[in-house]
Protein chains: 2
Amino acid sequence: MWEALSSNEMVSAPPRLEAFGRRTNRRAGEESALPHTKRVTLSDVAAMAGVSVTTASYILNGRSAEMRISGDAEHRVRSAAERLSYRPNRNARSLRTETTATIGMISDHVASGPYASAMVSGASAAARAGDHVLIIGETEGDPIIEAALIEEMLDRRVDGIVYVTLATTQVAVPAQLRETRTVLLNCVDVEGTLPGVVPDEYRGGRTAAAALLAAGRSERVFLVGEEAAPEVIAERERLRGITDELASAGTALAGTISCRWSVTDAYAAMMSFLDSGGSASAVVCLNDRIAMGAYEAFAEHGLVVPGDVSAVAFDGSELATWLRPALTSVAIPYAELGSVAVEMLLDGTGGVRRLPMPLLAGASV
Amino acid sequence: MWEALSSNEMVSAPPRLEAFGRRTNRRAGEESALPHTKRVTLSDVAAMAGVSVTTASYILNGRSAEMRISGDAEHRVRSAAERLSYRPNRNARSLRTETTATIGMISDHVASGPYASAMVSGASAAARAGDHVLIIGETEGDPIIEAALIEEMLDRRVDGIVYVTLATTQVAVPAQLRETRTVLLNCVDVEGTLPGVVPDEYRGGRTAAAALLAAGRSERVFLVGEEAAPEVIAERERLRGITDELASAGTALAGTISCRWSVTDAYAAMMSFLDSGGSASAVVCLNDRIAMGAYEAFAEHGLVVPGDVSAVAFDGSELATWLRPALTSVAIPYAELGSVAVEMLLDGTGGVRRLPMPLLAGASV
DNA sequence: AGTCACTGCTGAAACGAATCAGCAGGAACA
DNA sequence: TGTTCCTGCTGATTCGTTTCAGCAGTGACT
């Protein structure tokens, strides 16, 4: 019914498998030690099925209807591909199509630190769901490494780049990023043009304050944490949310206990606050570690959480569940941030998305 | 002195830059919206320098001496490349050379969890140092995803794969991994053939025990943690190290307080131990979280660390420094594990390397 | 004058897929 | 008996590199 017209004198009978396995070794004496054994190519499949490479390509790319390929040919090609366990060479395909099914992820300290690495796995999962893979690179905050990594990714013709920062900040992104599709993750573009995704810190702030208000703690509420650098959005927005929520209940923060965002600093600051006669009915800690430091200071002063003093924090890390009593914390949805960023990249969605920060209820309020 | 012989009728005078910028747009009416603007290719560089593509390639690959290229031609090519800011297309190069300067990293839960993500950044840094990039994929422990990811990476012709597990285990790796160079990270091959790198858990165990002995705690020393699944190496080796070290001082473990490796479980187990009249001079906790749970139980029983009871643990996570008093912990060198794995991959080193687990001294002993 | 070696390059063929343009052969129609 | 249309394919080109094999031109030597 059909004629084999393939260039290398093949006729209908499919050659034996073993023969094929070897045929692909073109040059003699090239049995490399460890690396890739020569893999099956499309032309092997075509030859085995007795069709042209063109036809095989159309079939395997699902264009057989459009190209009016007979069911017979289709079946022969598919089973040949199966028997040879053919897998297309992505590099060759990419060269031709200018798409690589690859997403670059450039971060400052995300993968290294334990805090936000869920962004990586969220992104990785979403990439997989969209039939892409993730190339990652860490700049360690060095602009030179950053530039090199971006070049590297552009050289590999990634389909897009996710640019991610550990802290929720405003960033001036390197100009090269505008050469490809880019989505910002956990940061926003100073110029306001690039799409991105961040936690909704403002509403998170309101959530935290609302939790305290619901428990009747509206007086002597202190904020614990440091005023952050101007490019850090998180602190400013959270504070705005807290203030607004308290105001809506006719009250306000009693003050700020200033400290860096670490356990030991928070412990020290809270100790000196308490030592000097300070008294709080509730504290809003800017992250879970600060809350841990505060807990330690409370314990040392015989203060019981939540009886004597309530605490809410931000992050929703595992640490919050480890403390006794478990800490009520407004969570940063890291994994979701990562996956949404990748989805936006693949969809082509624009604008800045703000993801809700869910309240992780503990027993500290 | 030289003649321009390039195929497209170019003569010596380098054409204007702008002309080149456009020349590469072959088909008309193809100004795509966002994605890659057509990039400069090697033939653009060659044309501008008035040499053949071959010559340009040799020069830019540093083979000019070997190929006897004149300094003049070399200079012209290099400056053309510079002016056009030429960057080679990695896909095209990979297609020809069968090497991609890419390393695949397949993990079960490494990137997602906060614990071991430093392995990723260690690997990423080492990859960068070796002029490679890292493609990551998370299997979430699912063998189907795992197989798909490995295929994906082989399709992309990675130069090698780092196979990493969250827990230090013995694994039976998927057969496909043997198609490429593979290094195991934080796990060892059941068959014993694949190279890999793991923490030296046995010596880590000795280190932990030695720290207690040095402080004079040799009696009533309890192990806290659960007997792990048989494929988990960490627990068994640590225990062997602890036992041997104590034995060398003529003593032995007083017993095991069994619990899962989490804060709450450890707290509960330690509480019931203490409630039922148990008494320890020291505890060896199989990880930092267990120690945190133990701390909480000690505090509740009015026991002071290290006065009443000493504690050492394993992991060396940040948590150890957050506790009061700071926990003495035998650290898992995650970042180093990651970088060593990549280096082994690039070097071609074989065998299983065991990295020392440094003692992170706190104030708990 | 003829051979030779050397210098400084170049043409063309890969690599593995995607895709445009077209071509036999048969059926349908005038 | 042509012409046209449809079916079911295929050849050749392209993507951007690397690299093998070879080729003019020059000077040195016999």
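In the text below, chain A, chain B and the rest are named by the order of the sequence lines, each starting its count at 1.
Evaluation of the side-chain contact (heavy atoms from CB on, under 4.5 Å) rule for B/R128 yields A/I145, A/A148, A/L149 as partners, not counting sequence neighbours. Every residue two or more places apart in sequence or in another chain was checked for a salt bridge (Lys or Arg N to Asp or Glu O under 4.0 Å) with A/R353, and none qualifies. Every residue two or more places apart in sequence or in another chain that forms a side-chain contact (heavy atoms from CB on, under 4.5 Å) with B/S94 is listed here: A/N91, B/T100. B/E152 meets the salt bridge (Lys or Arg N to Asp or Glu O under 4.0 Å) test with A/R90, B/R156; sequence neighbours excluded. In this structure B/A335 satisfies the side-chain contact (heavy atoms from CB on, under 4.5 Å) test together with B/A118, sequence neighbours excluded. Taking the side-chain contact (heavy atoms from CB on, under 4.5 Å) definition, one finds that A/Y163 meets it with A/I106, A/E146, A/T165, A/V171, A/V173, A/P174, A/L177, A/T182, A/L184, A/C187, sequence neighbours left out.
Residue pairs meeting the salt bridge (charged side-chain N to carboxylate O under 4.0 Å, His left out) criterion with at least one partner in residues 52-68 of chain B, sequence neighbours excluded, are B/R63-B/E66.
Between the side chains of B/T55 and B/S52, at least one donor-acceptor pair of N or O atoms lies under 3.5 Å. For the 3.5 Å distance criterion, the side chains of A/E138 and B/S124 fail to qualify, holding no donor opposite an acceptor.
At whole-Å resolution of the value, CG in A/N89 and C1' in C/dG16 are 6 Å apart. Across the protein-nucleic acid pair, A/D155 atom CG and D/dT17 atom C1' stand 13 Å apart, rounded to whole Å. Taking atom CZ on B/R90 and atom C1' on D/dC15, their separation rounds to 17 Å, with Å as the unit. The distance from atom CD1 of A/I59 to atom P of D/dC9 is 7 Å, rounded to the nearest whole Å. Look at CG on A/L95: it is 8 Å from C1' on D/dT17, rounded to the nearest Å. Going from atom CD1 of A/I69 over to atom P of C/dA18 covers 14 Å, rounded to whole Å. Rounded to whole Å, the distance from CE on A/M67 to P on C/dC23 is 17 Å. With rounding to whole Å, A/E74 atom CD is found 14 Å from D/dC9 atom C1'.
Residue B/P88 places its side chain closer to D/dT17 than to any other of D/dT19, D/dT17, C/dG16. Among the nucleotides D/dT17, C/dA18, D/dT10, the one closest to the side chain of A/R93 is C/dA18. The listed nucleotides are C/dG11, D/dT17, C/dG16; the one nearest the side chain of B/V53 is D/dT17. Closest approach to the A/T54 side chain among D/dC9, C/dT19, C/dT10 is made by C/dT19 (side chain taken as heavy atoms from C-beta onward). The side chain of A/S52 lies closest to D/dG11 when the candidates are C/dG8, D/dT17, D/dG11. The B/Y58 side chain lies nearest to C/dT10 when the options are C/dT10, D/dT10, D/dT17.
Residue A/S70 places no side-chain N or O under 4.0 Å from the OP1 or OP2 atom of D/dG8. A sub-4.0 Å separation between OP1 or OP2 of C/dA18 and a side-chain N or O of A/N61 is present. For the pair A/T55 and D/dC9, the criterion of a side-chain N or O lying under 4.0 Å from OP1 or OP2 is not met.
In the helix from C/dA1-D/dT30 to C/dA30-D/dT1, the rotation axis of the first five pairs and that of the last five pairs differ in direction by 80°, rounded to 10 degrees.
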Scan nucleotides 4-6 of chain D against the protein and return all N/O pairs shorter than 3.5 Å with their distances rounded to 0.1 Å.
none

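Test B/E98, B/E151, B/E179 against B/R157 for salt bridge (Lys or Arg N to Asp or Glu O under 4.0 Å) and you get one pass: B/E98.
Toward the 5' end of DNA chain D, the nearer of the two residues B/T97 and A/G71, judged by each one's closest nucleotide, is A/G71.
Among the heavy atoms of the strands lying under 4.0 Å from A/R63 are primed sugar atoms or P, OP1, OP2 only; no base atom is included.
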